[in-house]
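In what follows, every chain begins at residue 1, and chains take the letters A, B, ... in the order their sequences are listed.
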Amino acid sequence: MSTHSPPIDDPLHADRTLVAAIARGKQGAFAQLVQQYQRLCWHIIDRLVRHPEDTRELCQEVFLRVHQCLHQYRGESALKSWIAQIAYSIAKRHLERKRIPLAEQLNTDSAEPTQTAPSNALDLATHINDQQMQKALYRAIDALAPLPRTVLMLYHIDELSITEIAAITSLAEGTIKSHLHRSRAQLRSILQGRLGESL
Amino acid sequence: MNRIEEQDALIHLALRQLKESEPPANFSAEVILHIEKRTSAFELKLARLLGVVFAVALFACLLEFGMPLWQLTQQMLGETVFAWSLIAIGCLGLSLGIERLSSRMAHLSS
């Protein structure tokens, strides 16, 4: 397979084309950008701030900032990552203003894998679709601090790579892996505790 | 796959099934409206401010140097050349004005 793929297949080419169209003042180009990235932006902010009205305002602020600073986008990284970085920094600043800690210091015990009986994985599998279990999962996710929650969901739901998440949050890849490990351990422990109660 | 990996795979599955809050259907329209309002309000304010500054400066200059400058230029050029110069300046101004207007119309229509 040739390494010289046509530029049209290059996602960065598509990003640069869209940005150039916006710079030329092409009608509907910026609306296209908003429609393309609004879900990701909304999810990042909502997972961090957990307040519908604040999410709406901050998400609008993100796209205003994108509109003002679009000339600074050089097309060297994906537009998705660039917009996600802006969304993350705006939500982070909002939390700092409200004095909400981004991440809590977890004690080392919670980072350890939960010791369970061999049958528990199967039990979890049979209960994972239960409404009760879903509710417990919601609560467990809400109980996480904003940063680990966002990292966990970006990785598992939006399927971003650890490198991409590190770029968005300006954290080291090791820190992202550590947050993922701890959050999953916490979820496992909470869900299995819940399972123990229901059995 | 060990036990922990198996459980992580199930957590992954459960997370994929979560229903998250989504942006409202009219969100992009809202953003565009917000940007248009903000941009047009800023441009309008700036244009008005510059217009006022220009008018005040022009008025002050005319008051201070208008008459002596007019008479001096008329004397230096002679009546006929002065009149033709005024006509040429007028034509140039009109031409520039029309060009600006047409480019603005083209920008708006695009």
Side-chain angles (χ1 to χ4, degrees), chain A residues 24-28 30-39 41-43 45-47 50 52 55-56 59-64 66-68 113-118 120-122 124-125 127-129 133-134 136-138 140-141 152-153 155-157 159 180-181 183-185 187-188 191-192, chain B residues 1-54 95-110:
Chain A
R24 280 200 312 274
K26 189 183 170 195
Q27 203 169 17
F30 193 73
Q32 189 192 331
L33 180 144
V34 177
Q35 278 158 7
Q36 215 166 315
Y37 298 108
Q38 62 180 4
R39 281 191 79 234
C41 179
W42 188 277
H43 287 165
I45 294 173
D46 185 54
R47 287 164 193 164
R50 283 290 198 237
T55 301
R56 195 185 189 119
C59 210
Q60 280 193 357
E61 198 183 323
V62 169
F63 286 108
L64 282 176
V66 168
H67 189 260
Q68 282 168 356
T114 315
Q115 294 303 312
T116 54
N120 275 11
L122 276 176
L124 198 58
H127 287 79
I128 209 82
N129 292 319
M133 188 60 99
Q134 289 278 333
L137 186 68
Y138 273 118
I141 289 168
L152 183 83
M153 293 170 95
Y155 185 77
H156 286 286
I157 301 178
E159 295 187 328
L180 276 175
H181 178 76
S183 306
R184 280 194 294 242
L187 285 188
R188 272 199 303 272
L191 289 180
Q192 281 166 355
Chain B
M1 194 187 267
N2 67 32
R3 197 173 65 240
I4 300 290
E5 282 173 345
E6 198 177 339
Q7 289 176 346
D8 280 350
L10 291 170
I11 285 173
H12 174 79
L13 193 71
L15 283 169
R16 299 278 301 161
Q17 290 172 355
L18 274 183
K19 286 183 184 73
E20 282 200 275
S21 132
E22 296 289 337
N26 61 344
F27 182 74
S28 63
E30 240 175 53
V31 170
I32 300 298
L33 198 71
H34 209 71
I35 288 170
E36 278 173 3
K37 261 188 197 172
R38 187 177 268 205
T39 312
S40 61
F42 175 73
E43 280 176 358
L44 202 67
K45 273 181 194 166
L46 190 68
R48 277 181 187 165
L49 182 75
L50 288 175
V52 169
V53 170
F54 181 72
S95 154
L96 282 173
I98 290 169
E99 195 196 337
R100 282 243 174 127
L101 194 70
S102 63
S103 71
R104 178 123 185 108
M105 297 282 276
H107 178 72
L108 284 174
S109 65
S110 73

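- Only the side chain of A:Glu159 comes within contact range of chain B, with at least one heavy atom under 4.5 Å from a heavy atom of that chain.
- Proximity to chain B (any heavy atom under 4.5 Å) is restricted, for A:Arg47, to the side chain, taken from C-beta onward.
- Heavy atoms of other residues, nucleotides or ligands lying less than 6.0 angstrom from CZ of A:Phe30 number more than 12.
- Taking each heavy atom of B:Ser21 and A:Trp42 in turn, the nearest pair found is OG-NE1, 2.7 Å.
- Counting only heavy atoms from C-beta outward, the side chains of A:Gln60 and B:Phe27 approach each other to under 4.5 Å.
- Contact annotation for A:Leu33: neither backbone nor side-chain heavy atoms come within less than 4.5 Å of a heavy atom of chain B.
- Without hydrogens or angle criteria, A:Tyr138 side chain to B:Leu18 main chain gives no donor-acceptor distance under 3.5 Å.
- The CD atom of A:Gln36 sits 12.0 Å away from the OG atom of B:Ser28 when rounded to the nearest 0.5 Å.
- In this structure, CD in B:Glu20 is found 4.5 Å from CD1 in A:Ile157, a value given to the nearest 0.5 Å.
- The closest side-chain heavy-atom distance from A:Glu61 to B:His34 is not below 4.5 Å.
- Using a 4.5 Å cut-off on side-chain heavy atoms (C-beta onward), A:Arg39 and B:Glu22 make contact.
- Heavy-atom pairs under 4.5 Å with chain B were tallied for A:Gln35, A:His67, A:Arg56; the largest tally goes to A:Arg56.
- Here the closest heavy-atom approach between residue B:Ala14 and residue A:Leu137 is recorded as CB-CD2, 3.5 Å.
- Taking both residues in full, the closest heavy atoms of A:Phe63 and B:Ile35 are given as O-CD1, 4.1 Å, listed atom of the first, atom of the second, then distance.
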